[in-house]
S.K.: 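The following block contains the structure, expressed as structure tokens.
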Amino acid sequence: MAKQTSFLGLLVFGFLCFICLPVEAALKKYQFDVKLSNVSRLCNAKQMVTVNGGFPGPTIYAREGDRVQINVTNYVQYNLSIHWHGLKQYRNGWADGPAYITQCPIQTGNSYVYDFNVTGQRGTLWWHAHILWLRATVYGAIVIMPQQGTPFPFPQPDREEVLVLGEWWNADVEAVEKQGNALGIPPNMSDAHTINGKPGPLFPCSEKYTFAMEVEKGKTYLLRIINAALNDELFFALANHTFTVVEIDAVYTKPFSTEAILIAPGQTTNVLVRANQVPGRYFVAARAFMDAPISVDNKTATAIFQYKGIPETVLPKLPTLPAQNDSDFALSYNSKLKSLNTPNYPANVPLNVDRHLLFTVGLGINPCPTCLNGTRLTASLNNISFIMPQTALLQSHYFNIKGVYTPDFPDKPPTPFNFTGAPLTANLRTNVGTRISKIAFNSTVEIVVQDTNLLSVESHPFHLHGYNFFVVGTGIGNFDPKKDPAKYNLIDPIERNTVGVPTGGWTAIRFRADNPGWGLKTAFLVEDGPGSDHNVLPPPKDLPTC
């Protein structure tokens with residue numbers, strides 16, 4: 001949510017700080033070479049797509065206010081783009097990264113410079129490929145420090161560590177996705193989860209593929225945790241230690257203690273942990289959460305939290321993670337997440353709403369003569385399955401190219417039904433198209449995202465591009481527009497960029513549409529505002545072509 005600042009406020013700030021020394025923004029430059037690298041895990045060696053040969057790729061470090069330029073050069077056979085997940089990219093969707101939405105992908109042998117400012121954000125975010133299944137191996141962390149001289153609103157840690165949770169397939173992930181699409185069924189699940197690209201010693205051939213961090217007794221550590229898994233929500237815990245949650249999705253939270261966290265795909269969580277136990281070796285562990293009748297990779301990835309001076313011959317202790325289907329823990333944990341809501345970090349929740357949207361999320365079955373059963377499993381919003389255009393949507397909007405999309409995405413499901421009743425298994429054909437909804441600039445928007453029992457209920461991660469939003473309500477069952485809004489938290493709801501919609505339930509979010517361009521990548525376009533300073537910026541000269 002962009003902060004609103006009055007002209008008078010600017011004058012007052014200028015008067016108070018006329019003797020302040022200016023803090024100059026730095027220019028941070030990075031080179032990303034996307035290339036095939038030989039990688040071995042679980043006794044299997046393969047070539048896979050990486051950035052600079054790393055799995056995960058490099059961490060981007062910046063400060064709030066910095067300008068960042070990342071030159072991405074594509075040396076692989078796949079056309080690709082990279083999304084800087086959670087960065088708002090105000091008026092600058094050209095740097096956001098989703099292929100065929102804000103840009104054409106970078107073709108083999110070509111380069112593109114992502115050039116953006118880090119404005120009004122600090123904390124942990126991440127980047128990843130945004131085309132096909134390349135996100136399974138092409139990803140890394142973004143660490144944004146506060147402006148020089150601005151402290152954290154929590155105790156200063158002695159050290160920090162980035163922990164990126166991911167997945168490993170023994171097979172080529174692009175081949176796995178291609179096979180699933182050809183057969184019309186879900187692709188095969190991963191063979192392991194990973195922590196910083198390593199599955200840990202509970203897997204074969206993993207002695208040297210275990211991440212370890214050395215700690216000193218009495219010191220406090222800030223763990224920047226990122227879930228880069230494709231679809232799995234993950235429980236995460238550290239044996240015999242307690243976490244204090246202080247930030248999610250680069251937004252500070254009211255601190256609270258917990259034995260474990262739940263983190264959905266695309267989300268980040270910062271926790272403080274104090275090394276206050278008997279010196280030893282303790283496992284950090286991650287395992288999938290799934291409370292629906294859907295198969296997931298249920299194996300546990302581990303890393304080691306190792307006290308200084310303890311030999312590696314000491315066997316680590318495993319934490320007790322919540323049960324795989326522990327929905328009570330999931331709902332309770334998410335209910336504890338609250339915005340800090342202080343004068344320095346306010347929760348500017350829209351109290352009045354200009355546009356109400358209801359999006360149902362579910363599965364469908366469409367005809368496919370060449371598929372295994374003559375049908376293809378597909379996903380939909382409001383019973384519409386998105387057709388990827390051949391021209392990027394933002395380019396078609398900016399250059400007024402006709403025929404790329406239609407502005408007729410419905411504000412609510414065309415045919416209401418008992419969304420979370422008994423499973424529906426017949427007549428599941430979806431409508432298809434490149435359909436979008438236009439949102440007036442600076443309007444306030446509420447979206448209720450409703451799970452459905454089409455074939456099965458399931459938790460869904462939901463991410464907005466270019467925005468944070470406030471999670472004002474959530475519940476199990478069908479959303480009731482007459483009763484449920486009375487239960488909304490409009491004081492200190494959590495602010496984030498990605499939310500997990502509960503299995504068989506709903507989530508309500510609110511935001512102000514003050515960033516022109518594409519928001520939800522397949523659903524709405526925020527129109528330009530009045531005056532040139534509220535319009536999408538001109539595209540860069542090296543913008544890729546389709």
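Worth saying up front: this structure is predicted, and the values here are computed from it rather than measured.
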S.K.: The test is side chain to side chain donor-acceptor pair (under 3.5 Å); show your working for D528 and H534 and say whether it passes.
M.R.: CA-CA 6 Å; D528 288 337; H534 294 121; over 6 Å; no

S.K.: Answer yes if the side chains of S339 and D492 hold a donor-acceptor pair under 3.5 Å, and no otherwise.
M.R.: no

S.K.: List the atom pairs, donor and acceptor, that lie under 3.5 Å between side-chain atoms in residues 95-103 and the rest of the protein, sequence neighbours left out.
M.R.:
unit_1	atom_1	unit_2	atom_2	d
D96	OD1	H83	ND1	3.2
D96	OD2	H465	ND1	2.7
T102	OG1	G93	O	3.4
T102	OG1	G97	N	3.3
Q103	OE1	Y114	OH	2.7
Q103	NE2	Y114	OH	3.4

S.K.: Could you tell me whether a side-chain N or O of R376 sits under 3.5 Å from a main-chain N or O of C368, the two making a donor and an acceptor?
M.R.: no

S.K.: Would the F116 and W94 ring centres measure less than 6.0 Å apart?
M.R.: no

S.K.: Could you walk me through whether R510 and T444 pass side chain to side chain contact (heavy atoms under 4.5 Å, CB included), step by step?
M.R.: CA-CA 7 Å; R510 287 186 180 183; T444 53; over 6 Å; no

S.K.: Would you say N227 and Q267 are linked by a side-chain donor-acceptor pair, where the criterion is simply a distance under 3.5 Å?
M.R.: no

S.K.: Considering residues at least two apart in sequence or located in another chain, which fulfil the ring-ring contact (aromatic ring centres under 6.0 Å, His included) criterion with H356?
M.R.: none

S.K.: What residue among D33, D542, N74, T73 forms side-chain hydrogen bond (donor to acceptor under 3.5 Å, both in side chains) with S111?
M.R.: T73

S.K.: When the ring planes of W126 and Y139 are compared, do they come out parallel, tilted or perpendicular, using 30° and 60° as the limits?
M.R.: perpendicular

S.K.: Measure the acute angle between the ring planes of W506 and F479, then classify it against the limits of 30° and 60° as parallel, tilted or perpendicular.
M.R.: perpendicular

S.K.: Shortest non-hydrogen contact from A288 to F235?
M.R.: O-CD1, 4.2 Å

S.K.: State, yes or no, whether a side-chain contact exists between F289 and D232 at a heavy-atom distance under 4.5 Å.
M.R.: no

S.K.: Would you indicate whether the side-chain heavy atoms of P539 and Q395 approach each other to under 4.5 Å?
M.R.: no

S.K.: I need the minimum non-hydrogen distance between V176 and A171, along with the two atoms involved.
M.R.: CG2-CB, 3.8 Å

S.K.: Holding to salt bridge (Lys or Arg N to Asp or Glu O under 4.0 Å), I want the full list of residues that pass it with K338, two or more places apart in sequence or in another chain.
M.R.: none

S.K.: Do T378 and T430 meet the criterion of a side-chain donor-acceptor pair at a distance under 3.5 Å?
M.R.: no

S.K.: Counting N and O atoms only, with roles assigned by atom type, does the side chain of N515 sit under 3.5 Å from a partner on the main chain of K88, one being a donor and the other an acceptor?
M.R.: yes

S.K.: With no hydrogens and no angle check, is any side-chain donor or acceptor of D297 less than 3.5 Å from a backbone partner on K299?
M.R.: yes

S.K.: Assess the side chains of R224 and T269: does a donor N or O sit below 3.5 Å from an acceptor N or O?
M.R.: no

S.K.: Look only at the side chain of E446 and the backbone of V472, and say whether a donor-acceptor pair between them is shorter than 3.5 Å.
M.R.: no

S.K.: Could you give the distance from SG (C104) to CG (L543), rounded to the nearest 0.5 Å?
M.R.: 7.0 Å

S.K.: Closest approach of N366 and S385, non-hydrogen atoms and distance?
M.R.: ND2-OG, 4.4 Å

S.K.: For R496, enumerate each residue passing the salt bridge (Lys or Arg N to Asp or Glu O under 4.0 Å) test, keeping only those at least two apart in sequence or located in another chain.
M.R.: D249

S.K.: Within a radius of less than 6.0 Å around CD1 of I476, do more than 12 heavy atoms belonging to other residues, nucleotides or ligands occur?
M.R.: yes

S.K.: With a 4.5 Å cut-off on side-chain heavy atoms, are V51 and P58 touching?
M.R.: yes

S.K.: So, S37 versus Q47: side-chain donor-acceptor pair below 3.5 Å or not?
M.R.: no

S.K.: To the nearest 0.5 Å, what is the distance between CE on M189 and CG on L230?
M.R.: 13.0 Å

S.K.: Does the R91 side chain pair with the main chain of N535, one donor and one acceptor, at a distance under 3.5 Å?
M.R.: yes

S.K.: Apply the test side chain to side chain contact (heavy atoms under 4.5 Å, CB included) to residues L490 and L351: give CA-CA distance (whole Å), side-chain angles for both, the deciding distance (0.1 Å), then the verdict.
M.R.: CA-CA 7 Å; L490 301 178; L351 301 181; 4.0 Å; yes

S.K.: Taking A286's backbone N and O only, do any of them form a donor-acceptor pair with H193's side chain (distance below 3.5 Å, no angle check)?
M.R.: no

S.K.: Can a donor-acceptor pair be found between the side chains of D408 and T406 at a distance below 3.5 Å?
M.R.: yes

S.K.: How long is the gap from OH on Y398 to CG on L537, to the nearest 0.5 Å?
M.R.: 8.0 Å

S.K.: For E177, which residues count as a salt bridge (Lys or Arg N to Asp or Glu O under 4.0 Å) partner, sequence neighbours excluded?
M.R.: none

S.K.: Salt bridge (Lys or Arg N to Asp or Glu O under 4.0 Å) with D191: which residues, sequence neighbours excluded?
M.R.: none

S.K.: Hey, is the main chain of T375 close enough, under 3.5 Å, to the side chain of N373 for a donor-acceptor pair?
M.R.: no

S.K.: Return the CD1 to CD1 distance between I494 and I509, rounded to the nearest 0.5 Å.
M.R.: 13.5 Å

S.K.: Please check: side-chain N/O of R135 versus main-chain N/O of A229, any donor-acceptor pairing under 3.5 Å?
M.R.: yes

S.K.: Going from CD1 on I142 to OG1 on T124, what distance comes out if it is rounded to the nearest 0.5 angstrom?
M.R.: 10.0 Å

S.K.: Are the aromatic rings of Y405 and W518 close, with centres under 6.0 Å apart?
M.R.: yes

S.K.: Distance under 6.0 Å and angle within 45° of the ring axis: does K46 meet both against W169?
M.R.: no

S.K.: Go through it in stages, so that I can follow the logic: the residues are I365 and R429, the test is side chain to side chain contact (heavy atoms under 4.5 Å, CB included), and I'd like the CA-CA distance, side-chain angles, deciding distance and then a yes or no.
M.R.: CA-CA 5 Å; I365 298 177; R429 187 166 180 168; over 6 Å; no

S.K.: With I248, which of N270, L337, T498, I225 fulfils side chain to side chain contact (heavy atoms under 4.5 Å, CB included)?
M.R.: L337

S.K.: Does some side-chain heavy atom of N325 sit less than 4.5 Å from a side-chain heavy atom of M290?
M.R.: no

S.K.: Could you go step by step and tell me if T360 and L381 meet the side chain to side chain contact (heavy atoms under 4.5 Å, CB included) rule?
M.R.: CA-CA 5 Å; T360 54; L381 282 179; over 6 Å; no

S.K.: Without hydrogens or angle criteria, can the side chains of Q107 and N79 be said to hold a donor-acceptor pair below 3.5 Å?
M.R.: no

S.K.: Would you please indicate yes or no on a ring centroid separation below 6.0 angstrom for F359 and F524?
M.R.: no

S.K.: Closest heavy-atom contact between P544 and I106?
M.R.: CG-CG1, 4.1 Å

S.K.: Using only heavy-atom distances, determine whether the side chains of T420 and N453 contain a donor-acceptor pair under 3.5 Å.
M.R.: no

S.K.: Give me the atom names and distance for the closest heavy-atom approach of F441 to P516.
M.R.: CE1-CD, 3.9 Å

